[in-house]
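Written out below as structure tokens is the structure these notes cover.
Chain identifiers are assigned alphabetically (A, B, ...) following the order of the sequence lines, protein sequences preceding nucleic acid strands; residue numbering begins at 1 within each chain.
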There are 2 protein chains.
Amino acid sequence: METTLKSRETMHRLCGKGLEIFNEKGYYNTSLDDILTQLSLSKGAFYHHFKSKEDYFISIVQNLIVQKVYALLIEPLNTEENPLPIIVDSLENALEPGKKNEMAYGFMLNDFLTEFNKRNEEISGYLKDILNVWEVNLVSVLKKGKLDGYIARHVDCEGVATYIIASYLGMRSLMMDSSNRQLKYQYVQQLKHYFKSLEPQPVMA
Amino acid sequence: METTLKSRETMHRLCGKGLEIFNEKGYYNTSLDDILTQLSLSKGAFYHHFKSKEDYFISIVQNLIVQKVYALLIEPLNTEENPLPIIVDSLENALEPGKKNEMAYGFMLNDFLTEFNKRNEEISGYLKDILNVWEVNLVSVLKKGKLDGYIARHVDCEGVATYIIASYLGMRSLMMDSSNRQLKYQYVQQLKHYFKSLEPQPVMA
DNA sequence: ATCCGAACCGACTTGCGGGTCGGTCAAGTG
DNA sequence: CACTTGACCGACCCGCAAGTCGGTTCGGAT
């Protein structure tokens with residue numbers, strides 16, 4: 001049906017622009033009209049496609065945010081090599097401010113998590129689910145790295161995953177305005193140092 | 001003057017309760033009436049003491065939050081000993097959920113930073129200032145630790161401070177609901193590992 | 001006793017933003 | 001051509017919360 005196509009097209013435009021503006025200004029600080037004006041759409045159009053602002057955002061989370069996290073943070077982990085440099089690369093890449101005109105996708109998680117925490121349990125839940133998936137994948141790739149001899153046996157993989165996630169999320173609060181080159185560089189350097197401490201100690205001859 | 005005393009007393013009560021509730025529910029999700037009801041005060045009383053909600057929160061930041069951060073995160077750094085375990089202790093202590101009936105002060109910074117970022121530049125500014133002071137103090141104690149031989153010479157103290165702050169702030173996003181014992185334990189453990197990599201290499205005999 | 005002004009009260013105004021609803025338009029369908 | 005239906009329009013409704021303002025209370029100064 002052509003009608004369905006049109007409909008999907010509009011929903012896609014709404015979700016895309018919504019993510020962009022919510023990411024820029026925050027969910028509660030963005031009115032629907034802010035978005036609708038930019039798309040030259042009306043309230044009526046919006047409520048034809050979504051049953052509420054909340055429902056709308058959940059669509060965005062499930063369609064777009066999940067994808068971005070997978071693409072940037074989870075799929076890169078799928079490797080046979082030493083996982084530690086792979087993780088560094090994925091984090092460095094995810095912290096990269098929007099290439100060209102795109103958004104700084106890597107930043108969204110911490111912002112949204114904090115914004116919805118204690119304000120909207122349902123949305124919070126979806127966001128935490130994403131974090132959990134990430135964590136599980138990190139743990140699994142770390143354990144694999146241990147088996148393959150890239151990581152020392154004494155290492156607590158769950159703890160490492162937690163620490164990685166915490167430091168990554170926290171960088172967001174620091175890089176707020178200026179997508180500061182310097183901060184990112186410092187972060188990556190220290191992450192590498194930390195990772196070095198996870199490597200097996202070379203046996204002294 | 002007794003009048004002035006009464007006035008101060010009321011302002012203190014307002015600030016204290018305000019911090020408590022803003023910390024619980026967020027600034028924008030808390031109405032003045034939420035606070036005033038609990039204190040059995042009126043709008044009139046409030047606007048007699050503060051010129052706006054924003055002005056009110058700035059008072060809270062400058063009177064209470066600054067104090068907490070100093071007490072928990074900055075003053076403990078004032079030591080002649082090895083700074084690394086001191087830093088671990090201060091962070092562990094700051095992540096401790098409210099002892100007895102007090103608030104979980106250690107959590108506030110990341111929440112408020114994220115909430116005001118891009119919504120209120122002035123308040124954002126005050127909060128960033130606090131972070132900056134913390135960072136400066138961290139850097140200085142790290143440099144001192146380097147001089148005293150507790151930290152390896154190659155270490156980038158600014159980078160380490162950034163990384164410490166990032167991981168601390170990020171823990172907040174993870175510890176949202178459950179002030180999860182496990183998470184905190186993992187964090188402290190990994191922090192210690194990381195710090196070990198900053199120590200000077202013992203010279204092999 | 002009188003007055004002043006600080007502290008406080010609470011009904012009201014105002015603006016914002018989510019959500020509603022009756023309507024228009026155009027693309028099928030029979 | 002008559003009729004339906006999906007996509008969309010935009011004026012309106014309504015609740016919420018910040019901020020206003022005229023009034024009240026009360027301690028202390030003259």
Q.
Are A:His193 and B:His154, when compared by the centres of their aromatic rings, separated by less than 6.0 Å?
A. yes

B:Lys43 atom NZ is separated from D:dT20 atom C1', nearest whole Å, by 10 Å

* For the pair B:Tyr194 and B:Tyr163, name the ring-plane relationship: parallel under 30°, tilted 30 to 60°, perpendicular over 60°. => perpendicular

Whole-Å distance, A:Leu36 CG to C:dT20 P, equals 15 Å

field: CA sep, side-chain torsions, deciding dist, call: B:Glu81, B:Lys144, salt bridge (Lys or Arg N to Asp or Glu O under 4.0 Å)
entry: CA-CA 10 Å; B:Glu81 306 165 44; B:Lys144 188 165 174 311; over 6 Å; no

Close side-chain approach of B:Tyr56 to B:Leu14, heavy-atom, < 4.5 Å:
yes

note: B:Phe46, atom CZ; C:dC8, atom P; distance rounded to Å ~ 13 Å

Tested for side-chain contact (heavy atoms from CB on, under 4.5 Å) against A:Ile151, the lone hit among A:Val155, A:Leu147, A:Asp148 is A:Val155

Looking only at D:dC9, C:dA11, D:dA17, the nucleotide nearest the A:Leu41 side chain is D:dC9

Testing D:dC8, D:dT20, C:dT20 for proximity to the side chain of A:Thr10, the answer is D:dC8

Residues in residues 113-126 of chain B with a heavy atom under 4.0 Å of DNA chain D, by number, are none

Minimal heavy-atom distance between B:Ile60 and B:Cys15, with the atoms involved, is CD1-O, 3.8 Å

Atom CZ of B:Phe22 and atom C1' of D:dA18 are separated, to the nearest Å, by 12 Å

For this session: Output, in order, the C-alpha distance, side-chain angles, deciding distance and verdict of ring pair (Phe, Tyr, Trp, His ring centres under 6.0 Å) for A:Tyr28 and B:Tyr28.
Result: CA-CA 9 Å; A:Tyr28 290 107; B:Tyr28 290 107; 9.7 Å; no

Among the nucleotides D:dA17, D:dT20, D:dG10, whichever has the atom closest to the side chain of A:Ser42 is D:dG10

Looking only at C:dT20, C:dA11, C:dC9, the nucleotide nearest the A:Tyr47 side chain is C:dT20

Only residue of B:Phe57, B:Tyr126, B:Phe22 satisfying ring pair (Phe, Tyr, Trp, His ring centres under 6.0 Å) with B:Phe112 is B:Phe57

What residues 48-60 of chain B contributes to the DNA chain C interface at heavy-atom separation below 4.0 Å is B:His48, B:His49

Taken to the nearest whole Å, CG/B:Asn29 to P/D:dG15 is 19 Å

Separation of C:dG15 atom C1' from A:Asp33 atom CG, nearest Å, is 14 Å

| Quick one: is D:dA7 close enough that its OP1 or OP2 comes under 4.0 Å of any side-chain N or O from A:Ser7? | yes

When you look at B:Arg181 and B:Glu96, which way does the salt bridge (Lys or Arg N to Asp or Glu O under 4.0 Å) test go after all the steps?
CA-CA 9 Å; B:Arg181 224 73 205 152; B:Glu96 192 65 24; 3.2 Å; yes

Of A:Tyr27 and A:Gly44, the one whose closest nucleotide on DNA chain C sits nearer the 5' end is A:Tyr27

B:Leu39 CG to C:dA7 C1', in whole Å, measures 15 Å

